[in-house]
Amino acid sequence: GQPLGVLDGIPIAVKDNFNTAGIETTCASNMLKGYISPYNATVVQKLLDQGAVLLGKTNLDEFAMGSGSTDGVFGPVRNPWSYSRQYKEKSVPKPHSQDEESDWVITGGSSGGSAAAVASYTCFAALGSDTGGSTRNPAAHCGVVGLKPTYGLISRHGLIPLVNSMDVPGILTRCVDDAAVVLGSLAGHDPKDSTTIQDDFKPFELPNLTDVSKLSIGIPKEYHAPGLSSEILALWSKAADLFKNAGAKVIEVSLPHTSYSIVCYHVLCTAEVASNMARFDGLEYGHRSDMNKSTESMYAATRREGFNDVVRGRILSGNYFLLKQNYENYFIKAQKVRRLIANDFVKVFRSGVDILLTPTTLSDAAPYMEFIKEDNRTRSTQDDILTQAANMAGLPAINVPTALSERGLPIGLQFIGRSFQEKQLLTVAKWFEKQVKFPMIQLEEVKRHEHNVFQHQKSASFT
Amino acid sequence: QPVAAELLAHLERLALVDFRDAEGVVRLQRVIQFADRLHEVNTDGVEPMDSVLEDRCLYLREDDVTEGNCAKELLGNAREKVEEYFVAPPGNIPLPKLEEGETFLQGS
């Protein structure tokens, strides 16, 4: 037989906010439990056309709202690194009586399930989505490559939308070359998504860069954000030196409106969410309440039963910002600030900088028990700070796993490139990946409680 | 300053979701407070940005039917239907006006 394509036979996983024909698509929400998609998202179709094998849909924060993958209806996602030798070696040994399972760490979010699937070797690549960092954040925490392509490069048709002007499908893989291969299969104009650009896209193979002396790397000083761990700061500095010593030009740059990108995001995101979630009314698909006194009371009951607090909170906030009395002061204002943020990047790239180098997250993955002490909104505000601006400006960005932290958990660094210059971005990322030689995860057997039964089965196989 | 009770009711009515409890209202207050930081930025003479692709022409395809005829699949996901119709409860019945402190659904 003939191979169907470059991905023939490759197992992949898809985040559960992409429509997959004949397969339940829930967005980890009660609102869509039992919803069987009648069609494939364009990106899913493209992967299947290449022969990729869909292993499953991955868990996420409900409707992709969150930075921990902890708020979905199927429960939180556990970072596979929680079960790695590297993490366990560094953990404080617990007294036997205490639950050994209580110190597992989060994956980050909202594409946590996809990141965990790739990190644990259950598939070669996974699709995520990225609106404020939802692909790069879990990629950093799970030690995998997370690519956010330029807005408009990959079709969003079939991706259940969160923020139409910022959402992009994200690609999670174990190495940069794989990300380039998947990108090659997915990028390009889609007549079903009018926000995809019409330029011809040619899939590319990444060259093996040996000479970085012509590169100009920008280090945006505002990304030294409050709360950035000293470990990550040191690693970022080391990375900058790596480029410098290899002959590249490394300069400090300024993106003055960086600190406003989160505020801007919260207004624009909640406003678009308020609009996008309006389609869920129980009538044509998804959950429907038994309340049937009137159309409106059925809608209200359906939405109360179907959405969790995070989603409802965002819908209400969005509606607030879109009220006539607030529209100018909040929504339009945020759109103006968005332009300022986008212009910051334009200015820097125009001054000769090719690629920006920044941290991806403020720290390594937090233990779940710590993470849930603050609410979803507070966490998102803190965790998206380094990734969000790239979504505001629509620029391509990639997380490259760099080193392990003192706790034995992955830390990644982020490269941000010029619009539609994925080849350059990935080439530099690949060079960096080769230099840092990020270690492989050493997964240990998950200890079972039925210890004795397991032993018995083991000895039985020897006879 | 705290958001007025009527405004909260108005929001619940527009959004057709409810705050559920006092914590939900506090969360909204915090979001507004947070969003107020936007006013620190000078945006005089700056145009609002709708899309990062504003310099490009939006793709428009020919006005030809290229797919459809899938009523059966689409109806497959609806809970209440009759023949090719989605069935809704009676419309034009406004949601009841609320007493202070109530939300639309008494514990669903």
Side-chain angles (χ1 to χ4, degrees), chain A residues 35-36 38 151-152 165 189 191 194-198 257 260 263-264 266-267 270 274 282-286 288-289 291-301 303-305 307 309 312-313 315-317 319-321 329-330 332-340 342 375 377 381 393-394 419, chain B residues 3 7-8 10-20 23-24 27-28 30-32 34-43 46-53 56-61 66 70 73-80 86-96 103-105 108:
Chain A
Y35 166 68
I36 310 283
Y151 179 85
S165 67
H189 177 64
S194 60
T195 60
T196 52
I197 60 159
Q198 295 160 65
H257 297 94
Y260 293 103
V263 191
C264 196
H266 271 254
V267 174
T270 51
L283 216 46
E284 303 97 331
Y285 45 75
R288 176 173 173 149
S289 171
M291 160 71 74
N292 63 358
K293 289 223 183 69
S294 69
T295 317
E296 287 201 17
S297 63
M298 186 278 274
Y299 289 173
R303 290 157 70 81
R304 177 182 228 243
E305 292 162 19
F307 291 140
D309 286 345
R312 278 152 60 253
I315 294 173
L316 288 161
S317 307
N319 275 101
Y320 179 84
F321 295 129
N329 281 336
Y330 289 95
I332 298 288
K333 181 78 179 179
Q335 287 191 313
K336 292 180 179 179
V337 175
R338 181 176 186 177
R339 182 178 296 284
L340 292 175
D375 73 31
R377 193 196 68 84
T381 313
S419 262
Chain B
V3 183
L7 187 54
L8 294 175
H10 183 50
L11 284 176
E12 285 190 337
R13 176 70 183 66
L14 282 177
L16 284 182
V17 294
D18 64 305
F19 285 95
R20 200 192 283 281
E23 207 192 308
R27 251 183 264 138
L28 175 69
R30 285 213 202 103
V31 171
I32 300 171
F34 188 57
D36 281 333
R37 283 196 60 210
L38 278 178
H39 303 122
E40 293 166 21
V41 186
N42 183 344
T43 53
V46 180
E47 284 300 301
M49 181 184 237
D50 291 313
S51 166
V52 296
L53 300 176
R56 294 173 186 258
C57 221
L58 190 70
Y59 172 71
L60 291 174
R61 65 183 180 93
T66 52
C70 52
E73 282 116 306
L74 296 180
L75 288 165
N77 275 307
R79 218 187 81 168
E80 314 257 348
F86 294 111
V87 180
N92 257 336
I93 299 173
L95 283 167
T103 53
F104 293 122
L105 304 138
S108 51

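All chains are named by letter (A, B, ...) in the order of the sequence lines, taking the proteins before the strands, and each is independently numbered beginning at 1. Here the structure is a predicted model, which is why all the values come from computation and not from measurement.
Residue contact with chain A, scored on non-hydrogen atoms closer than 4.5 Å, involves the side chain of B:L53 exclusively. Interface remark: B:D36 contributes backbone and side-chain atoms alike to the contact with chain A (heavy atom separation under 4.5 Å). Only the side chain of B:F86 comes within contact range of chain A, with at least one heavy atom under 4.5 Å from a heavy atom of that chain. Heavy atoms of A:Q198 lying under 4.5 Å from chain B belong exclusively to its side chain. Both the backbone and the side chain of B:R37 come within contact range of chain A, each with at least one heavy atom under 4.5 Å from a heavy atom of that chain. Proximity to chain A is limited to the backbone of B:C57, based on heavy atoms less than 4.5 angstrom apart. Contacts between A:D375 and chain B at a heavy-atom distance below 4.5 Å involve the side chain alone, from C-beta outward. With a threshold of 4.5 angstrom between heavy atoms, B:H39 approaches chain A through its backbone and through its side chain.
Under the side chain to side chain contact (heavy atoms under 4.5 Å, CB included) criterion, A:S165 pairs with A:V163, A:E272, A:R338, sequence neighbours left out. Remark: B:E47 pairs with A:R339 by the side chain to side chain contact (heavy atoms under 4.5 Å, CB included) rule, at least two apart or across chains.
Considering only heavy-atom pairs separated by less than 4.5 Å from chain B, the leading option among A:I197, A:T196, A:I315 is A:I197. Among A:T381, A:V267, A:D309, the residue with the largest count of heavy-atom pairs under 4.5 Å with chain B is A:D309. Most heavy-atom pairs under 4.5 Å with chain A: of the set B:T43, B:I93, B:V3, B:L28, this distinction falls to B:T43. Heavy-atom pairs under 4.5 Å with chain B peak, among A:Y35, A:Y320, A:Y299, A:F321, at A:Y320. Taking chain B as the reference chain and counting heavy-atom pairs below 4.5 Å, the highest number among A:V337, A:V263, A:T195 is found for A:V263. Interface remark: of the candidates A:G313, A:G282, A:A393, A:A393 forms the most heavy-atom pairs closer than 4.5 Å to chain B. If you tally non-hydrogen atom pairs under 4.5 Å between each of B:R27, B:E73, B:R61, B:E23 and chain A, the highest count goes to B:R27. No other option in A:K293, A:H257, A:M298, A:R377 has as many heavy-atom pairs under 4.5 Å with chain B as A:R377.
To the nearest 0.5 Å, atoms CZ (A:R312) and OG (A:S317) are separated by 12.0 Å. To the nearest 0.5 Å, atom CG of residue B:D18 and atom CG of residue A:L316 are 8.0 Å apart. The NZ atom of A:K333 sits 10.5 Å away from the SG atom of A:C264 when rounded to the nearest 0.5 Å. B:F34 contributes atom CZ, which lies 5.5 Å from atom NE2 of A:H266 (distance to the nearest 0.5 angstrom). For the atom pair B:R56 CZ and B:L58 CG, the distance stands at 12.0 Å (nearest 0.5 Å).
When side chains are defined from C-beta on, B:N77 does not count as touching A:E284, because their heavy atoms never get closer than 4.5 Å. Contact annotation: the side chain of A:E296 approaches that of B:R13 to within less than 4.5 Å [non-hydrogen atoms, C-beta and beyond]. At a threshold of 4.5 Å between non-hydrogen side-chain atoms, the residues A:Y285 and B:L74 do not count as touching.
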